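One structure below.
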Amino acid sequence: MLISEIVAEENDFVALRRQLHSRPELGYEEHETSDLVARLLGDWGYTVHRGLGGTGVVGTLTAGTGTRRIGIRADMDALPILEETGLAYASAVPGKMHACGHDGHTVMLLAAARHLARSRSFDGTIHLIFQPAEEGLAGARRMMDEGLFRLFPCDAVFAVHNWPNRPVGDFLFRPGVLMSAADNVTITIEGKGGHGAHPEMAVDPIVAGASTVMALQTIVSRNIDPQEPAVITVGAFQSGQASNVIPGAATLRLSVRSFAEAVHDQLQDRITAVARLQAESYGCTATVDYRRIYPALVNTPEETAFAHALAVELVGADRARIVARSTPGSEDFAFMLQEKPGCYFLLGAGDGPMLHHARFDFNDAILTRGASFWVHLAERYLAKAA
Ligand SMILES: [Zn+2]
Ligand SMILES: [Zn+2]
């Protein structure tokens, strides 16, 4: 499984990963990171394309005469979190942090890129896609809107995420839905402000809002098929400042997750109706700003079976498994999988804080495993026809 040339360079790539970790950049601001990625790919002989999605980078390498084309994606962005790891290479930028391990994803793919450029042990074309803004800003969608697959046609696309609290180096696959769709909803309830002692002269948006929060709880329990997972969380309820003043408006902010497309549509319809009609029943009005952020991530069966079978061959069936359950997280690689066949899988990173935690750090122990797997996957996908 592990490729000896990659293992021999492990220290260099760990140092590079820690360098990226200390210089986190938020979505669409990955200037230093994309400069570095583009420079290294160029040095190693890749044709480098910049500017898709602003800071996106695509490195292309062709070998042999094969016509197949594979796309492998890494994400480069960090999160607006104040790092609390206390590590020597902790973020040098207060309030920004690589808390999702995208520093590790980037370097895993670079380590694979280095090896593939040297070995050229494949027959076809490799497109290495370094995308900006995975964390909620849909950098993948933007690269696609700006022509990603027109400029760099791919027969299949693959991506990985490091996954804490799974054994180090375990590969986890799931054909079909792996991650949920994510929507953000803002409900603005307008009433009429007034004196707290004279509710009869006001229209209270807080009471309407409180009732709306409770009514929203009935959508999953009373409207959605019990066999289908769905989540509605009211994460923010903002209104008012003083005990004796009835405010003029209230705002609710919701995070909504679903897996099946029909459920996705149903949630949007019901949330919109419940918010409007609840507000109306209290004499208020509600406007609903419903934003679909990411679709559900759906792996295609054939490409998932291909990647899984390869992992079984490399690390054994007990370490390359099909997981039974999907996860309520979301991921904008889902957009790429709407257009291209492919597989997104998880790589166990061992015990430690969960993704997006202020004490999270990418586990460097999986760097050479992830990089070696990318090389094997590209070589096998682009194997010369016998
Ligand atoms: Zn994340
Ligand atoms: Zn992530």
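One-based numbering, in listed order, for ligands and for the atoms of each. Bear in mind that the values here come from a model prediction, so they are computed numbers and not experimental data.
Of all protein N/O/S atoms, those lying under 2.8 Å from the Zn ion (ligand 1) come to 4.
Listed by chain and residue number, E32 satisfy the salt bridge (charged side-chain N to carboxylate O under 4.0 Å, His left out) test with R23 (two or more places apart in sequence, or in another chain).
A side-chain N or O of D183 and one of Y290 form a donor-acceptor pair less than 3.5 Å apart.
Cation-pi geometry between R68 and F122 is not satisfied (NZ or CZ under 6.0 Å from the ring centre, within 45° of the ring normal).
In this structure, H49 has its ring center at least 6.0 angstrom away from the ring center of H127.
The aromatic rings of F171 and F373 lie tilted to each other, with the angle between the two planes from 30° to 60°.
Across Q131, E134, M76, a single residue satisfies side chain to side chain contact (heavy atoms under 4.5 Å, CB included) together with H102, and that is E134.
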